[in-house]
There are 2 protein chains.
Amino acid sequence: MKKKKLSIQIIYRKLEYSKTDMNCIETALFICYCFLENVYAESWCNMSITIKDVAKQANVSVATVSRILNNLPGYSDETQQRVKKVIKELGYQPNAVARGLINRKTKTIGVLVPNVSDLFASEVLAGIEEQAHEFGYSVMICKTNHDGKRTINYLHALYEKRVDGIIIVSEFITLDYYKAIETNNVPVVLVATQSDYPLPFIKVDDYQAAYDATTYLVKKGHSHIGMIAGTKSDAISTTPRVKGFTDALNDVGITVTNEMITYGDFSFKSGIEGMDKLLKSYPKVKAVFCASDEMAVGALSLLYKRGIRVPERISLIGYDNTATAEKAIPPLTTVAQPLYKMGKDSIQLLLNPALKVNPLYPHHIAERDTVHSYSE
Amino acid sequence: MKKKKLSIQIIYRKLEYSKTDMNCIETALFICYCFLENVYAESWCNMSITIKDVAKQANVSVATVSRILNNLPGYSDETQQRVKKVIKELGYQPNAVARGLINRKTKTIGVLVPNVSDLFASEVLAGIEEQAHEFGYSVMICKTNHDGKRTINYLHALYEKRVDGIIIVSEFITLDYYKAIETNNVPVVLVATQSDYPLPFIKVDDYQAAYDATTYLVKKGHSHIGMIAGTKSDAISTTPRVKGFTDALNDVGITVTNEMITYGDFSFKSGIEGMDKLLKSYPKVKAVFCASDEMAVGALSLLYKRGIRVPERISLIGYDNTATAEKAIPPLTTVAQPLYKMGKDSIQLLLNPALKVNPLYPHHIAERDTVHSYSE
DNA sequence: TCCGTTTGAGTAAACGTTTACTTAAACATA
DNA sequence: TATGTTTAAGTAAACGTTTACTCAAACGGA
């Protein structure tokens, strides 16, 4: 224990600095104690075992230990054995923070996602996590709640933490976001969204998928088809789907009117409301294309409550093929997106930008029991 | 561009080192180029703006800049203004890695969770993320898949990354895990699980909750009650619930036999199978207590397929009150756990271990439409 | 034998912060 | 006028790695 007189000035500074510490009161008291006892002890810092300790114990330089840890050449078998033994004995764990500082690589990637607790996002997330783990990366999640300010904050936090890449799921890229992305040159990949700014992305062809879903209904003999679309202002997930729906019907000679489309926000609740509105605005409706499984299940719920049989009276087709779809009663026919795979692949693309893949992922219709067929 | 002759030795070493690099081929080629051109350029390291640049630009020392950044005293208003202006102009972003190295705090916490894509875990996760964000922490997710080896790997990875705390959700703590937890002195909080090892936790009283759910059915006039339990070996989530179920029936004079209980794994599919088995082993069954909402929905599905009306013929009560419950048809009566709040509070407990809260969180029965009442 | 290469190391300078300690000037008090 | 305190800084040493460069010994070929 080193002894040293602490001057008033130093005590003052110490107290000021200690304010930034979480356990400020304890620290302050400890410092006061040190002052009174005229003792300056560094005993409160609990050092963990570093590469230096290993080096000392094994009688080699830190460079050698580092080389052994990183499988670089430059040591004899004997040295290696000795060092590895010491590492095990001391229970040495390398400090990834120090490593990150010098390597400028943190082996960490950040994920921005509107919501963690919905099945769409969490399925993508599961894929992301899986692939990241396989590549030895950790993933930081940031729940944006579709809040612009929050998103920008997260973006900055991720840059400060020096993540090696960022994945943005289902989020519209504003100019602000893009500016932040552009200035920090950290790779970004978009999943289930797309931007006019030049950013790599992975998503399904929403227009085509909507077109196909609608055509599917037509092929099953439907002609009075309505749509419960997503958030009206959403240029990524609503506009193309509405257009796909409209075009598909136009192409078979059906004119789409306003009464046939209602807008929600992709949620269960908005599915209930949307179905209710649709029933009023378009009473002849026999089949409904819902822009999300959640809304489809909401619709299902309302129809059940009203005693309207699905698919006998009204057919329903969803979008996403989340876990909800197969668990619905009756099981929901829906447009399937390969969410898990999209998540996995986004990591691949992020870590290997050279990899030029087709950003448009294949969709298909998962046929279950909510679409009635008149065709045979 | 500095010029310098590269010796063969150095080239050799450089090439060896570059193997550790992701883009090894490019690096190697670049080095070869340098060799051929007899040029040694450091141009490939893209430096970002550091505190030194700010200091230089503002004509102060780095210490002053640091103090300003951290709101510590020791500078005039004028200096502060000048420095802040420079910070903005240069777009300086502090390096959290360097900060973490010296502070031994990374403002990051790790979350171990069996699965990200189920509603139970993701609801807890949402709470965790929310509270962490409010406290200025980032969260790293680790999907364990209930795999012991993978979990240990994650634990080590988190320690290497020097997270400030770890939250473990729904995972049984093996001796191995505990050893890892014990040696690294990083705080840990358990959510929706519990251990014989002395670790703080937050969960619902499973025994009592199961007891209450069963009693609820009894009070509604049921006497032929079955149970679809979880994984048989699960001492945390199955044993107490089975015991609660058994005790509740015993207490009203009903003897519980093996045929009245079937075991699954909490999943939708196992709910289907469980219901099927139960129907055979205990044909008189009129009400079923399911140990998860997923299984309850599975049961619902099977009953629907068989044309068995819920709740008229068979009543169902679930467990968890995940989002599935309210979206089921009919909406599922279930035992509600405050998952989101448990997630939020786990962060509070982690960051403030002094906080001595009751680890047993309140449950209640969310009454919906799957339990028939004979009582009036 | 001489010279170039390989092997098995070591030394020390980064990486970008924070902060302990120092210092000079200004201010306050007796 | 001394003396002590406060203010507004600066200097330099950490933090725990990686790695550029150095070096001596061993080796190999002509």
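When reading the values below, keep in mind they use all heavy atoms of this one structure, side chains included, and skip hydrogens, waters and symmetry mates. Protein chains get the first letters and strands the later ones, always in sequence-line order, with residue 1 at the start of each.
- Here C:dT17 is the nucleotide among D:dG10, D:dC15, C:dT17 with the atom lying nearest to any side-chain atom of B:Thr50.
- By the salt bridge (Lys or Arg N to Asp or Glu O under 4.0 Å) test, A:Glu130 is found to be paired with B:Lys143, B:Arg150, residues two or more places apart in sequence or in another chain being considered.
- The interatomic distance linking A:Glu160 (CD) with C:dG16 (P) rounds to 14 Å, in whole Å.
- Nearest nucleotide to the side chain of B:Arg99, out of D:dT11, D:dG16, C:dT18: C:dT18.
- A side-chain donor-acceptor contact under 3.5 Å links B:Ser138 and A:Lys161.
- The side chain of B:Ala63 sits closest to D:dG10 out of D:dG10, D:dT17, D:dC15.
- The residue B:Val97 sits apart from the nucleic acid: no heavy atom pair falls under 4.0 Å.
- B:Gln57 is linked by a side chain to side chain donor-acceptor pair (under 3.5 Å) to nothing, counting only residues two or more places apart in sequence or in another chain.
- Looking at heavy-atom distances under 4.0 Å, A:Thr64 makes contact with sugar-phosphate atoms alone, never a base.
- Remark: B:Lys52 pairs with B:Thr50, B:Val62 by the side chain to side chain contact (heavy atoms under 4.5 Å, CB included) rule, at least two apart or across chains.
- At whole-Å resolution of the value, CD1 in A:Ile51 and C1' in C:dA9 are 14 Å apart.
- Between A:Asn103 and D:dT17, a side-chain N or O to OP1/OP2 separation shorter than 4.0 Å is absent.
- For A:Arg104 and C:dG16, the shortest distance from a side-chain N or O to OP1 or OP2 is below 4.0 Å.
- If you measure from atom CG of A:Leu69 to atom P of D:dT19, you get 12 Å, rounded to the nearest angstrom.
- The A:Ile102 side chain lies nearest to D:dT17 when the options are D:dC15, C:dG10, D:dT17.
- Residues passing the side chain to side chain donor-acceptor pair (under 3.5 Å) test with A:Ser61 are A:Thr64, sequence neighbours excluded.
- Contact record, A:Ile181 with A:Tyr159: CA-OH, 3.3 Å, taken as the closest heavy-atom pair.
- Look at CG on A:Asn70: it is 7 Å from P on D:dT19, rounded to the nearest Å.
- Remark: B:Gln348 engages B:Gln131 in a side chain to side chain donor-acceptor pair (under 3.5 Å) (not counting sequence neighbours).
- Comparing D:dG16, D:dG10, D:dT18 against the side chain of A:Ser66 picks out D:dT18 as the nearest.
- Following rounding to the nearest Å, B:Asp53 (CG) and C:dG16 (P) show an atom-to-atom distance of 9 Å.
- Both A:Leu101 and B:Asn59 lie close to DNA chain D; mapped to their nearest nucleotides by heavy-atom distance, the more 5′-ward contact belongs to B:Asn59.
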Give the table of side-chain donor-acceptor pairs shorter than 3.5 Å for residues 77-91 of chain B, with sequence neighbours excluded, one pair per line with atom names and distance.
residue: B:Thr79; atom: OG1; partner: B:Ser76; partner atom: OG; Å: 2.8
residue: B:Arg82; atom: NH1; partner: B:Ala58; partner atom: O; Å: 2.3

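- One can place OH of B:Tyr92 at 7 Å from C1' of C:dT17, the figure rounded to the nearest angstrom.
- B:Glu134 is linked by a salt bridge (Lys or Arg N to Asp or Glu O under 4.0 Å) to B:Lys344, counting only residues two or more places apart in sequence or in another chain.
- Donor-acceptor pairing under 3.5 Å, judged by distance alone, is absent between the side chain of A:Arg67 and the base of C:dG8.
- At a non-hydrogen distance threshold of 4.0 Å, A:Ser76, A:Thr79 from residues 76-90 of chain A come into contact with DNA chain C.
- To the nearest angstrom, C1' of D:dG16 lies 16 Å from NZ of B:Lys161.
- A:Glu171 and A:Thr151 are not linked by any side-chain donor-acceptor pair at a separation below 3.5 angstrom, with hydrogens and angles left out of the test.
- When the C1' atoms of four end pairs are superposed on the next four at each end of the helix from C:dT1-D:dA30 to C:dA30-D:dT1, using five pairs per end, the two resulting axes differ in direction by 40°, to 10°.
- Computed from coordinates, the A:Tyr75 OH to D:dT18 C1' distance equals 14 Å when rounded to whole Å.
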